[in-house]
Amino acid sequence: MMYADDGAQPMAPLLEIENLRVTFDGEDGEVTAVNGVTLSVGQGETVALVGESGCGKSMTALSVLRLVPAPLGAIRGGSVRFAGEELLMKTVEQMQEIRGRDIAMIFQEPMTSLNPVFTCGDQIMEAITRHRVVSKREAREQAVEMLRLVGIPMPERRLYEYPHQLSGGMRQRVMIGMALCCAPKLLIADEPTTALDVTIQAQILDLLRTLKRKIGMAILLITHDLGIVAEVAERVVIMYAGEVVEEAPVRSLFKKPAHPYTRGLLGSVPKLDRKEEELKTIPGNVPSLKSMPSGCRFHPRCPNARSLCAKAAPALLEIGEGQRVACWLYGLPSDREGVETL
Amino acid sequence: MNQESDVLLEVRDLKKHYVLSKRTVFGRREVLRAVDGISFSLRRGETLGLVGESGCGKTTTGKCIVRLIEPTSGQISLEGEDVVGASPDRIREIRKQMQIIFQDPYSSLNPRMTVGQIVGEPFAIHGICAGKERRQRVEALIDRVGLTRDSYTRFPHEFSGGQRQRVGIARALALNPKLVVCDEPVSALDVSIQAQVLNLMVQLQKESGLTYLFISHGLSAVKHISRRVGVMYLGKLVELGETEALFSSPLHPYTEALMSAIPRPDPDIVRERVLLEGDATDSNHPPSGCPFHARCRYRMAVCENEEPAWRDLGGGHFAACHLR
């Protein structure tokens with residue numbers, strides 16, 4: 001078992017992903033969606049996993065629950081440890097016990113992740129009875145309690161309603177209620193508010209913060225919205241093209257972003273508090289999995305790229321308290337202390 | 001302000017009601033009031049942002065203006081010419097002056113047409129030019145929106161979302177329109193690509209003096225691009241004003257809540273959040289009085305019974321609220 005070695009993470013990690021590799025069989029051969037991702041989530045910690053579409057953030061999360069869509073996708077290597085236990089070695093039955101009880105997940109689209117032919121109550125009660133020995137009545141009482149906890153008015157009545165009778169925000173609350181009914185230690189939230197309106201988004205984020213305090217669970221929040229990151233996360237992991245490019249405590253990330261991609265991402269968000277003539281942009285497009293650039297995968301779009309960047313991929317290097325970055329700006333292979341020359 | 005010539009588009013009391021097949025207990029058909037009496041005008045060369053949550057009628061408004069949807073009632077005039085009552089022949093002519101860019105760059109481009117055909121189609125429909133001349137003009141448009149020349153013979157599936165949206169923009173600009181209705185043009189794009197497309201739109205506006213109606217639920221994008229912003233709630237405009245004024249001192253409680261709900265990319269911002277309770281009521285069961293009263297934290301007795309009037313509260317800052 002590995003524990004934090006350097007004061008940057010005071011808590012023992014609850015989830016440790018190491019060197020994870022996920023591949024997909026495509027028409028033109030195998031593509032790598034997740035390429036050697038390493039990250040950890042401490043007990044009770046909220047970590048945001050940030051990146052643009054296709055960067056592998058959702059696949060990384062699905063790997064934790066071993067839900068990578070088979071047979072096209074497969075975990076090819078690495079390790080995923082939860083509370084010290086290797087999840088990649090578990091049997092299918094053991095995983096079913098862990099899913100929902102220890103690790104729960106909520107998805108982006110509440111309409112497609114709830115079953116339309118069962119009532120909300122049935123679906124929450126299923127999650128309860130699956131993992132606990134309780135009578136039907138107890139399960140129903142707990143389901144009502146759960147719905148009340150996530151702020152659904154008239155929970156006794158909602159229990160008998162079907163997903164289509166609820167609004168998007170209410171459905172997402174039901175999803176959260178279902179995910180939390182067994183008090184999981186880790187909640188994986190994959191873009192939980194992307195499909196919702198801003199005022200509803202604010203309600204759901206508020207709810208997640210409150211519940212986290214009450215239950216003390218850890219959250220792995222997958223999002224592309226840096227505003228949400230600033231509001232709820234304690235630590236941030238930035239992914240680009242299947243790799244982690246930067247990892248930092250939330251304040252460091254926003255105050256002194258290190259990786260040129262992180263800086264570009266922050267620069268391209270229109271600011272509400274000042275007027276800019278022109279938005280900063282990252283030139284070019286996100287590379288396709290089929291044709292990944294050599295060396296550092298960001299180099300064709302990077303303003304700081306030099307010849308080395310196309311030849312060799314930089315490893316994650318610690319540059320400050322809890323801040324790690326994979327970029328040649330922060331130390332060449334020959335001169336690892338070259339940070340000053342920036 | 002020199003009125004008449006300055007105003008490009010005038011919308012007066014626009015309504016779009018849908019009669020539903022469902023009946024009430026009294027046998028009457030229910031009516032969904034998607035857009036329920038909104039009025040605004042667009043000045044030449046400006047960008048008016050239209051914001052609101054899903055189902056508030058902002059897209060319906062945009063589509064009514066270019067008459068992709070027939071309005072139930074109200075007036076729309078472009079440069080003084082009536083759009084609502086225009087004959088089919090006439091509306092074809094008017095549409096040369098106004099174009100629309102859609103939200104989803106995946107479904108708004110015909111997958112079986114090449115980019116050259118897509119961008120050249122407006123020329124074909126309006127019989128403007130053909131052959132070599134059309135090709136030259138299409139290539140010039142492709143250049144203008146920042147795509148490479150070889151895009152001409154390629155198909156939409158070969159492009160990323162941001163590039164497809166550029167194709168959509170090129171098509172909208174083909175006929176040199178005066179007004180472009182932009183319906184969530186960047187909402188489906190990644191953050192870094194959104195910035196590219198927004199910059200392109202600003203640049204094109206500067207070059208050709210375009211007027212934009214920019215419809216979006218992304219408030220930061222709207223703030224960036226718009227000179228004035230209108231806020232819609234349940235089919236009605238609740239506030240409209242200069243962007244700076246609206247964002248710094250919103251007059252309507254709904255605008256205030258909307259602004260406070262935007263997550264800011266700065267972990268040090270501590271601010272009072274106005275959390276709204278519940279969600280927007282169905283637009284087929286509009287509440288009496290002010291449409292927002294059920295969720296409003298300043299609610300008074302009058303709000304439940306009487307609909308607040310749409311008034312200019314000074315400096316072209318309009319709002320419909322009993323508080324003001």
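Lettering of chains follows the sequences in order, A, B, ..., and the numbering in each one begins at 1. Quick caveat: nothing in here was measured; it's all calculated off a predicted structure.
Proximity to chain B (any heavy atom under 4.5 Å) is shown, for A:P153, by neither the backbone nor the side chain. When heavy atoms are compared at a cutoff of 4.5 Å, B:E244 approaches chain A solely by way of its side chain, counted from C-beta outward.
Using modelled atom types, one side-chain atom of A:Q203 and one backbone atom of B:L276 make a donor-acceptor pair closer than 3.5 Å. B:Q196 places a side-chain N or O within 3.5 Å of a backbone atom of A:I282 that can act as its donor or acceptor partner.
Remark: A:E278 CD to B:Q203 CD distance equals 8.0 Å, nearest 0.5 Å. Note that CD1 of B:I262 and OG1 of A:T199 are 11.5 Å apart. Values are rounded to the nearest 0.5 Å. One distance of note links CG of B:L200 with CG of A:L279; it measures 12.0 Å at 0.5 Å rounding.
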Task: CA sep, side-chain torsions, deciding dist, call: A:V198, B:H217, side-chain contact (heavy atoms from CB on, under 4.5 Å) - done: CA-CA 8 Å; A:V198 272; B:H217 67 274; 5.9 Å; no
Open item on the list: Pair B:S192, A:E52 - check side-chain contact (heavy atoms from CB on, under 4.5 Å), show working.
Closed with: CA-CA 8 Å; B:S192 71; A:E52 298 181 280; 2.7 Å; yes
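By the 6.0 Å contact criterion, NZ on A:K280 is open, its count of non-hydrogen atoms from other residues, nucleotides or ligands being 12 or less.
For B:H293, there are no ring-ring contact (aromatic ring centres under 6.0 Å, His included) partners, not counting sequence neighbours. Residues passing the ring-ring contact (aromatic ring centres under 6.0 Å, His included) test with B:F214, sequence neighbours excluded: none. In this structure B:H224 satisfies the ring-ring contact (aromatic ring centres under 6.0 Å, His included) test with no other residue, sequence neighbours excluded.
Annotation for A:G227 and B:P263: closest pair C-CB, 3.3 Å, computed over non-hydrogen atoms. Taking every heavy atom of both residues into account, B:P265 and A:F254 meet most closely at O-CD2, 3.3 Å. Heavy atoms only, all atoms of each residue included: B:I193 and A:G284 are closest at CD1-O, 3.9 Å.
Salt-bridge formation is detected for the pair A:K255/B:D266: a Lys NZ or Arg NE/NH1/NH2 atom is positioned less than 4.0 Å from an Asp or Glu carboxylate oxygen.
A:R251 is listed as a side-chain neighbour of B:D268, based on a closest heavy-atom distance under 4.5 Å.
Contacts with chain A (heavy atom to heavy atom, under 4.5 Å) involve these residues of residues 152-170 of chain B, listed by number: B:S160, B:Q163.
Of the listed residues A:L226, A:V286, A:N285, the one with more heavy-atom pairs under 4.5 angstrom with chain B than any other is A:N285.
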